Amino acid sequence: MLFVQQLINGLALGAVYALFAVGFGVVFSTMRILNLAQGVYATWGAIFAYWAVAHAGLPFAVACLVGTAIGAVAAVAVDQVAFQPLRSRGGEQLLGTIITSVALWISLREAASLATGAAPLGFPPGTVPGGLIRFAGLRVLATQVIAVVCAIAVTAVIHVILRHTRLGAAIRAVGHDRGAAMLGGVNPRVAILTAAALAGAATGLAGVFYADGQTFTFGLGDGLLLQGFAAVVIGGMGDVRGAAFGGFAIGVVQVLSAQYISNSFQDAITFGLLLVVLVVRPRGLLKTVELGRA
Amino acid sequence: MGQQLTLLISAAEFALAGAVLALSTYMTLWAGLLSFATVSFAAVGAFFATHLMNSAGLGLWPALLVGGLGGGVVAAVTGLLLIRLAGHWLALATVALILVTRVVVVNLGGLTGGSQGEVVPVEVHLWQLIVVLGVACLILARLARSRFGTAAVATREDPTVAATMGIPVRRVQAVAFVISGVLGGVGGVLQAGLLRYIDPDSFYIDLAVTVIACVVLGGAYHWFGSVIGAVVFTGLPVYVNQFIGQGQAIIDGALLLIIMIWLPGGLVDPLRWRRLRDGRRPAPTPDKRREPAEVNS
Amino acid sequence: MSGTEALAVDGLAKRFGGLSVLRSVSLTVPRDTVFGIAGPNGAGKTTLLNIISGLLPADGGSIRLYGDACHHLPAQALARLGVSRTFQNIRLLRGLTVVEQVLAGTYRRRRVGGLRGSAGTPRARAELRDLREQALETLESVGLRDAADRLAETLSYGDQRRLEIARALVSRPRLLLLDEPTAGMNAADWTGIGELVTGLRESGTTIVVVEHNMRLIQAICDRVAVLASGEVIACDEPGVCLRRPEVRKAYFGK
């Protein structure tokens, strides 16, 4: 019974990672940007959601929307400030975008530190849905259910947008060949901004869920970035469903290893798994012959 | 006045140690590998050497030797596994390597002091840093003019063409990775000697970010760029911090962003100088830079 | 039998997914000749060149270089055996000057490597000086010596082609592969390339040239193979080849 209980807890934690990983994966696979600023979207989403609840007295559901919107806005802003200037230069900009994403990461992180006075924040008691579902001796928090449902729903929505709409086709094409994206009749800029906004929205929501059960600080996004990064790599980047799976998997592995092995091995197992996957799993990871039209 | 001098010396010391780490990252970029593994090599060098300083009473010079060796061995092993990964996957894998290294450091309490960290018994002085960096620069300057230097540039710019010129692309990258490991290990020992106390967080993502920023900021197309970048990006903050205080990171970030957008080649950019010298913009070729392409070997 | 053949390709096949790009291509290139490979777009010419130079593995068939089987070797090993090539879309190395590009092409001829090379010993310096001299001579032969210290990217299109050929030549190849050396050139430029190739043959280099330009092929090639849909449909002297009805059909659709 304890096992099932912890499995549920793991899935709930994994839902947060999944939301983050979906956003990270969308940006990485379509734009080939290793966006280290992604974590701060979550931080700012959580901070605004906190303000909405604690200062503006808004209900939690609205706070979630606020966090989501802030994530999207932050992502679009970062894209325009940090990535667009490099993109317009053309060519492969992997290194350049890593550096500019770092620039925005440390700036926005410091801004978050100043905005919160570097103090820990926590949603005031009673503002987060506190319902407890008891079922066959298991205790499931309402927020856990909400997180899992949201993670699955967001993944499904983004998956459908990417795979089954013309806009989605353009987003996928934009990463490979901007010319082809033009031919589809969709403005590549619209496609890029949509992808950034979707990624940011999912990340902002992840931040809210990550923050709602505990106190958090401006460093919230950093932890999420590492776990989400691991989730994306383990689950695979080409498909948002893979990224979501990776997120859930890591959540479960973390909770179970903390329960049954040792707290201190939690990260060892996650990151060890990460490295093994990167080294061993050949599909999609290995170099391919690329000759252009040599 | 005395206090200003102390601060200045401290800034210079961190800049010099940072420069050695930046050169380690430069080594891999030179051969077309985007790797963050320098921090892992530094961690290995630092903890390995510190352990021996504490247990066997090693002095600084043997410690540097041991650290460089440790970093080099780890680089050789991880390089075997990682170099075959394509461009952005290698970047991801080396980020993962940093995360794993920290976990290992935390869990090898007997050797590393675990999450408590450990005290570094040997102090590093400015002149020693200058000597080490000087030797490192000398080696890189020599390498740049050697057969390896040519091969590395060709590998970075176009591995397919490099292969058709008879350059063993993988081997060149492996050699670059191992040299990066040695430099990283040495840099780690220096860093440890400056910090005088190291724990798992001394060699983590933030150091990786600083190091790669130094290289790109300084200029990733010449080894000297890494040195300049380290002075600007690790040395300057130590000194300037006293005037700014809060919000320092915002300024760092803005600086980094501005340089990347306006000076994409960094502060030391031989290509820009050459273009200026030739007084002509490149012929308007549709510059479709290929992906870090690869060759079947 | 290997006495006179520089290159012998036998039954070479290559498919990309379900698409058969080359089906059983066979041809032999005698020593010290210029051998043309012609054919319409998509005939498999560049693929053939990529396989011969080791950039792509073949799915079947064999390649012999001066009698030695070499179809399993990667590009860098073939380069060491004396295969050198240019690319259809010019691939110069960014940021290098004209003479540095050519010096990069001397890689496999540099003997002083590793520690000795890095230590800057007199031998290493002498070698570098020697190779630089040879690079300049090679540039002279393609008419680019005066541009030696310019950034390669500032050269005109035609000169960039010449530079790429110089880079391939400086390694003193036993087999030089040129992939559409006159693509995108004006008449003045391509006749210049033609003269260059003819001169090379006279100095004893075996050359395989993929080319669209029939007038150039007639001017410079000793033999030409015409590819269509991944098969050799004709292989003969250029004048004879081009009069063949199947060649005219492949080219002009009649």
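No experiment lies behind these values; they were computed from the predicted model shown. We name chains A, B, ... by the order of the sequence lines, and we start the count at 1 in each one.
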Answer key: most heavy-atom pairs under 4.5 Å with chain A among B:L81, B:V100, B:L97 is B:V100
Are more than 12 heavy atoms, taken from residues, nucleotides or ligands other than B:R171, located less than 6.0 Å from that residue's CZ atom?
no
Are side-chain heavy atoms of [X] and [Y] found at a separation under 4.5 Å?
| X | Y | value |
| --- | --- | --- |
| A:L95 | B:L29 | yes |
| A:F271 | B:T101 | no |
| A:I98 | B:F36 | yes |
| A:I99 | B:I259 | no |

Which bit of [X] is near chain A, if near means a heavy-atom gap under 4.5 Å: side chain, backbone, both or neither?
| X | result |
| --- | --- |
| B:V216 | side chain |
| B:L82 | side chain |
| B:L34 | side chain |

Verdict with reasoning, B:I205 to A:L226, per side-chain contact (heavy atoms from CB on, under 4.5 Å):
CA-CA 10 Å; B:I205 299 291; A:L226 298 183; 4.2 Å; yes
Indicate the atoms forming the closest heavy-atom contact of B:G253 with A:A103, along with that distance.
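Nearest heavy atoms, B:G253 then A:A103: O-CB, 3.2 Å.
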Indicate the atoms forming the closest heavy-atom contact of B:M260 with A:L86, along with that distance.
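That would be O-CD2, 3.9 Å.
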Side chain, backbone, both or neither of A:I106 within contact of chain B (heavy atoms, under 4.5 Å):
both
